[in-house]
Amino acid sequence: MSEHNPSGPVILPGSTIGVLGGGQLGRMLALAGRHMGYRFVTLDPAEDSPMGQVADRQITAAYSDAAAARELARQADVITYEFENVDAGVAALLAEESYVPQGHALLHTTQHRLREKRAIEAAGVPVAPYAEIRTLADLEEALGRFGTPCVLKTATGGYDGKGQRVIRAADEAAAAFAGLGGGVTELVLESFIHFEREISVIAARSPRGEARAFPAAENIHVDNILHVSIVPARIAPETARRAEELALALVDALGVVGLLAVEMFLTADGQLFVNELAPRPHNSGHATIEACRTSQFEQHVRAVCNLPLGGTELLTPAVMVNLLGEHVEQALKWLAEQEREEDGLSIKLHLYGKSEAKLKRKMGHITLITEDIDRALRWVEDSPIWKQPETRS
Ligand code: AMP
């Protein structure tokens with residue numbers, strides 16, 4: 001069910017969108033796309049995945065299972081993915097047997113920190129000073145140039161702070177190198193940026209070349225996992241505009257189709273450095289569901305289906321806070337007991353349908369809608385939900 005367009009087909013509602021991965025991002029994508037009349041099929045190794053619960057169908061198989069990928073291609077008119085580490089063989093098979101407007105080139109780039117940094121620089125966008133590290137001598141040489149502290153990271157496979165070590169003094173280099181599998185595993189050293197804020201901008205681009213950026217969000221991490229995301233970011237409007245322009249420059253330079261989440265560091269003197277890219281919906285964009293004219297999920301559907309993109313204007317300030325496995329019991333207790341609307345503060349709970357509340361696992365999020373961001377942050381601070389059991393009063 002597609003109409004021809006010189007820059008790629010338009011995939012009309014009624015068509016089936018296949019999604020590789022059935023986690024919460026796929027779930028929210030399907031919820032948004034179903035409103036628009038699309039059908040969804042997901043491929044995920046876990047039965048009853050968060051997306052499987054709301055999709056038309058789930059194929060339950062390993063991501064590397066070629067027969068299952070072929071079945072996904074057979075059932076879907078267009079295919080997208082909700083995570084980055086898509087197996088190259090499966091990506092090639094899907095591209096051959098179905099329509100994957102996002103292609104594989106961007107995945108290949110963002111799966112590897114060095115390739116990603118080179119692509120960002122080639123687009124004229126700044127990254128923190130970095131060096132490729134193959135040997136301990138490379139590391140010592142780069143540390144000599146950058147000074148300490150620095151952050152040593154694996155080139156592939158790291159997320160939520162896994163696969164990285166901060167090197168605070170030169171004599172920590174050998175242990176960090178060995179600890180991350182240096183010599184065997186490809187590593188990247190980055191200068192440590194003493195940032196004032198971490199922000200992110202999610203931008204979308206469609207095959208017809210239309211591009212739009214969401215307002216910059218400010219992100220606060222705890223133990224390297226996103227805790228709170230605030231829109232609009234509490235930064236100068238001029239800086240926010242610059243961040244949005246950088247994200248738009250990247251989607252154009254990289255020929256992105258769909259969403260690109262751009263994480264950045266902002267220093268006290270107003271410099272922006274891109275830290276990471278993610279070619280998919282992003283945790284820091286969840287507040288767009290309530291806070292923007294179009295959510296990141298609807299925008300991704302629009303972009304991969306080559307529909308006109310939706311408006312990204314902020315309708316209200318908002319604070320999104322993640323619910324991890326250790327928070328969910330308290331959150332449910334609170335849900336049963338508390339009013340969900342306070343004067344001037346709306347509290348929207350999202351749960352992802354995961355049955356097992358493992359420590360640090362993302363189980364859901366709460367979006368607080370308010371004109372008063374400080375009040376929303378106080379609400380999070382005062383709530384028993386995010387207090388560890390031993391510190392709960
Ligand atoms: P990443 O896995 O690259 O997203 O890093 C996880 C978190 O570690 C970031 O959100 C930052 O808080 C911190 N971090 C990573 N790289 C750097 C850096 N070069 N300078 C300062 N902090 C960093």
Side-chain angles (χ1 to χ4, degrees), residues 25 83-85 107 109-121 125-133 138-139 142-170 172-173 176-177 179-182 185-202 216-230 233-235 243 246-247 250 259-286 320-322 324 360 362:
L25 301 177
F83 64 100
E84 289 110 304
N85 289 320
L107 276 178
T109 303
T110 58
Q111 279 170 356
H112 192 282
R113 287 188 194 271
L114 274 169
R115 286 200 289 267
E116 182 173 277
K117 286 179 193 301
R118 289 179 188 133
I120 297 167
E121 281 185 312
V125 171
V127 293
Y130 69 95
E132 179 175 0
I133 304 298
D138 288 346
L139 178 58
L143 279 170
R145 260 188 302 139
F146 300 156
T148 50
C150 274
V151 190
L152 188 63
K153 300 181 179 179
T154 56
T156 59
Y159 66 95
D160 287 346
K162 294 186 178 76
Q164 55 179 276
R165 300 275 174 100
V166 177
I167 300 178
R168 294 181 198 285
E172 295 173 10
F177 183 78
L180 292 177
T185 308
E186 279 183 276
L187 301 175
V188 185
L189 185 74
E190 289 174 26
S191 185
F192 190 94
I193 302 294
H194 295 278
F195 54 79
E196 190 175 68
R197 302 214 188 272
E198 289 191 83
I199 63 168
S200 55
V201 175
I202 298 170
E218 173 185 341
N219 303 320
I220 299 169
H221 296 86
V222 172
D223 295 337
N224 279 314
I225 299 175
L226 184 66
H227 173 46
V228 161
S229 187
I230 302 164
R234 295 170 298 174
I235 59 179
L246 291 182
L250 283 169
L259 297 181
L260 183 74
V262 184
E263 293 186 51
M264 303 178 218
F265 300 133
L266 171 63
T267 60
D269 61 356
Q271 292 187 78
L272 288 166
F273 297 99
V274 171
N275 176 37
E276 264 196 325
L277 305 178
R280 54 166 172 77
H282 194 256
N283 196 169
S284 67
H286 292 355
M320 189 261 3
V321 52
N322 268 335
L324 304 182
K360 305 289 179 211
K362 289 176 183 168

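When a residue number appears, it is its place in the shown sequence, counting from 1. When a ligand or atom number is given, it counts from 1 through the structure's own listing order. The model shown is predicted, which means the values in this text are computed figures rather than measured ones.
- Between Glu190 and Lys117 there is a salt bridge, since a side-chain N of the basic residue sits under 4.0 Å from a carboxylate O of the acidic one.
- Every atom of ligand 1 is numbered from 1 in the order shown, and the set under 4.0 Å from a heavy atom of His221 is 10 (O).
- Put simply, part of Phe265 is less than 4.0 Å from ligand 1, judged by heavy atoms.
- Ligand 1 places these atoms under 4.0 Å from at least one heavy atom of Glu198: 9 (C), 10 (O), 11 (C), 12 (O).
- Between Lys153 and Glu276 the shortest side-chain heavy-atom distance does not fall below 4.5 Å.
- Here the side chains of Tyr130 and Glu121 are in contact, with some heavy-atom distance below 4.5 Å.
- Within the model, atoms CG of Leu324 and NZ of Lys362 stand 8.0 Å from one another, a figure rounded to the nearest 0.5 Å.
- Heavy-atom distances between His194 and ligand 1 stay at or above 4.0 Å for every pair.
- With a 4.0 Å heavy-atom cut-off, ligand 1 is reached by no atom of Asn219.
- Between Gly163 and ligand 1 there is no heavy-atom distance shorter than 4.0 Å.
- For ligand 1 and Gln164, the ligand atoms under 4.0 Å from any heavy atom of the residue are 1 (P), 2 (O), 3 (O), 5 (O), 6 (C), 8 (O), 15 (C).
- Counting only distance, with no hydrogens or angles, the side chain of Arg113 and the backbone of Thr154 share a donor-acceptor pair below 3.5 Å.
- Considering backbone and side-chain atoms alike, Asn224 places an N or O below 3.5 Å from some N or O of ligand 1.
- Between Val151 and ligand 1, a contact under 3.5 Å exists for no N or O pair.
- Under a 4.0 Å heavy-atom criterion, Lys162 is not in contact with ligand 1.
- Taking every non-hydrogen atom of Arg113 and a distance limit under 4.0 Å, the qualifying atoms of ligand 1 come out as 2 (O), 3 (O).
- Looking at heavy atoms from C-beta onward, Leu143 lies in side-chain contact with Leu189 at the 4.5 angstrom threshold.
- Scanning for side-chain contact (heavy atoms from CB on, under 4.5 Å) contacts around Ala247 gives Val201, Ala203, Val262, with sequence neighbours left out.
- Side chain of Glu218 to backbone of Ile235: no donor-acceptor contact under 3.5 angstrom is found.
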